[in-house]
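Positions are given from 1, in the same order as the sequence printed here.
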Amino acid sequence: MIRAVVFDVGECLVDETREYGTWADWLGVPRHTFHAMFGAVIAQGRDYRETFQEFRPGFDLYAEREKRAAAGKPEWFGEEDLYADVRPALRQLRADGLWLGIAGNQTVRAGGILRELFSEDVDLIGTSDDWGASKPDPEFFKRVAAVVPFEVGEILYVGDRCDNDIRPAGQAGMHTALVRRGPWAHIQWNSSEAERLPTFRVGSLGELPTHIAEFNASTR
């Protein structure tokens, strides 16, 4: 049975349109151009961080985050950046008795924002910076499994990427749900991995309660 649901952050809970737009502004690049390059890099199977290198060779993302913060323009997201289905889905999953967590590749600062937004809604919030391990490193998913109070095979990990979320979570022994939103999910959606690997494929987090209930009923 699925007893715990753990969510990725970017393009799963949080619409990152604002954040990537502010990066385009920081680089002095038209937003349309930045977004087009971003999609091209992903479609080529490259690390999204290479997008910055295309505009500014030698770009250091962590150093630039610090520069932005010092300039009064730190990374930020708020309630208005959450996808509309997030709050209703969390409420329903909680009402269904599921243990809930959030775990993604996020900075310490982003972790603080997540705790402000979700501390009353979920049982755990963990980030790659907290744990010193980033997806898709198997160590990240070992950390997830270690903090969830159920067996690894009772965890559903929800994300928008086959490469960072679905494949490594499945290899760790978790069930997975691929949500179709954000650039990665739309680019990868018709790939063999996206069709074969996830336990569930959903267009909205609102579909999860029904899928989980039906899955659990089938295992009894």
Side-chain angles (χ1 to χ4, degrees), residues 2 4-16 19-20 23 37-54 59-62 64-65 75 77 83 100-111 113-114 118 122 124-148 150-202 205 208:
I2 293 170
V5 184
V6 180
F7 294 89
D8 176 36
V9 180
E11 298 306 333
C12 182
L13 302 179
V14 177
D15 180 342
E16 295 182 307
E19 180 63 7
Y20 287 118
W23 274 117
M37 180 61 75
F38 192 96
V41 167
I42 293 171
Q44 292 167 12
R46 297 156 62 191
D47 189 306
Y48 81 96
R49 287 168 291 193
E50 293 184 38
T51 305
F52 299 93
Q53 303 296 327
E54 296 289 342
F59 185 91
D60 184 326
L61 184 57
Y62 279 92
E64 294 295 326
R65 282 195 180 112
E75 61 176 328
F77 53 88
Y83 281 103
L100 302 178
I102 296 172
N105 283 353
Q106 301 293 324
T107 63
V108 170
R109 178 180 177 81
I113 298 171
L114 290 168
F118 293 109
V122 300
L124 169 82
I125 297 172
T127 72
S128 53
D129 272 13
D130 293 333
W131 293 338
S134 301
K135 296 183 297 182
D137 188 334
E139 185 60 30
F140 178 92
F141 292 95
K142 289 179 182 177
R143 295 300 298 269
V144 173
V147 295
V148 175
F150 298 103
E151 296 298 321
V152 67
E154 297 176 317
I155 301 170
L156 177 73
Y157 190 82
V158 185
D160 64 301
R161 296 177 58 175
C162 289
D163 52 338
N164 253 30
D165 303 321
I166 305 307
R167 186 197 309 145
Q171 290 171 342
M174 300 175 187
H175 296 290
T176 59
L178 178 64
V179 59
R180 190 181 189 184
R181 57 184 174 215
W184 281 277
H186 280 87
I187 289 170
Q188 298 174 352
W189 190 254
N190 293 317
S191 69
S192 60
E193 281 198 323
E195 294 178 347
R196 174 173 48 88
L197 295 182
T199 310
F200 312 126
R201 285 160 48 97
V202 299
L205 299 184
L208 289 175

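H175 contributes no side-chain N or O that, together with a main-chain N or O of E154, makes up a donor-acceptor pair within less than 3.5 Å. Looking at S128, its side chain never comes within 3.5 Å of a backbone N or O of A133 through a donor-acceptor pair. A distance-only check finds a donor-acceptor pair linking the side chain of T199 to the backbone of T176 [under 3.5 Å]. Under the 3.5 Å distance criterion, the side-chain polar atoms of E11 are matched with a main-chain donor or acceptor of E16. Side-chain N or O atoms of Y48 include none that pairs as donor or acceptor with a backbone N or O of W184 at under 3.5 Å. The backbone N or O of C12 sits less than 3.5 Å from a side-chain atom of R181, completing a donor-acceptor pair.
The two atoms that bring I125 and L114 nearest to each other are CD1-O, 3.5 Å, heavy atoms only. Closest approach of E54 and M37 over heavy atoms only: CG-SD, 3.9 Å. When all heavy atoms are compared, the tightest approach of A145 to V152 is CB-CG2, 4.1 Å. Across every non-hydrogen atom of N190 and E195, the tightest pair is O-OE2, 3.7 Å. Here the closest non-hydrogen pair linking A194 and W189 is CB-O, 3.3 Å. Considering every non-hydrogen atom in both D165 and Y157, the closest pair reads OD1-CE2, 3.8 Å.
F200 places a side-chain heavy atom less than 4.5 Å from the side chain of L156. In this structure, the side chains of I102 and F118 come closer than 4.5 Å at one or more pairs of heavy atoms. Side-chain contact check for R161 versus Q188: some heavy-atom pair is nearer than 4.5 Å. The closest side-chain heavy-atom distance from L61 to W23 is below 4.5 Å. Side chains of F7 and L205 form a contact here, defined as non-hydrogen atoms less than 4.5 Å apart. Here the side chains of I113 and Q106 are not in contact, with every heavy-atom distance at 4.5 Å or above.
Taking the six-membered ring where the residue is Trp, F52 and F59 present parallel rings, their angle staying beneath 30° rather than reaching 60°. The aromatic rings of F38 and Y20 sit tilted relative to each other, their planes meeting at an angle between 30° and 60°.
Figure legend: R143 and F140 shown without cation-pi pairing, the cationic atom not lying both under 6.0 angstrom from the six-membered ring centre and within 45 degrees of its axis.
Annotation for Q53: atom CD counts as buried by contact number, over 12 foreign heavy atoms lying within 6.0 Å. Summarising the local packing, CZ of R46 is surrounded by more than 12 heavy atoms from other residues, nucleotides or ligands at distances under 6.0 Å.
Atoms OG1 and CD, on T107 and E75 in that order, are 3.5 Å from each other to the nearest 0.5 Å. The CG atom of L178 sits 7.5 Å away from the CG atom of D160 when rounded to the nearest 0.5 Å.
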Residue pair E19, V14: steps toward the side chain to side chain contact (heavy atoms under 4.5 Å, CB included) verdict: CA-CA 10 Å; E19 180 63 7; V14 177; over 6 Å; no

Audit row: Y62, D129, side chain to side chain contact (heavy atoms under 4.5 Å, CB included) steps and yes/no: CA-CA 12 Å; Y62 279 92; D129 272 13; 3.8 Å; yes

Derivation and outcome, salt bridge (Lys or Arg N to Asp or Glu O under 4.0 Å), residues R167 and E193: CA-CA 8 Å; R167 186 197 309 145; E193 281 198 323; 2.9 Å; yes

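Using a 4.0 Å cut-off between charged side-chain N and carboxylate O, K135 and D8 make a salt bridge.
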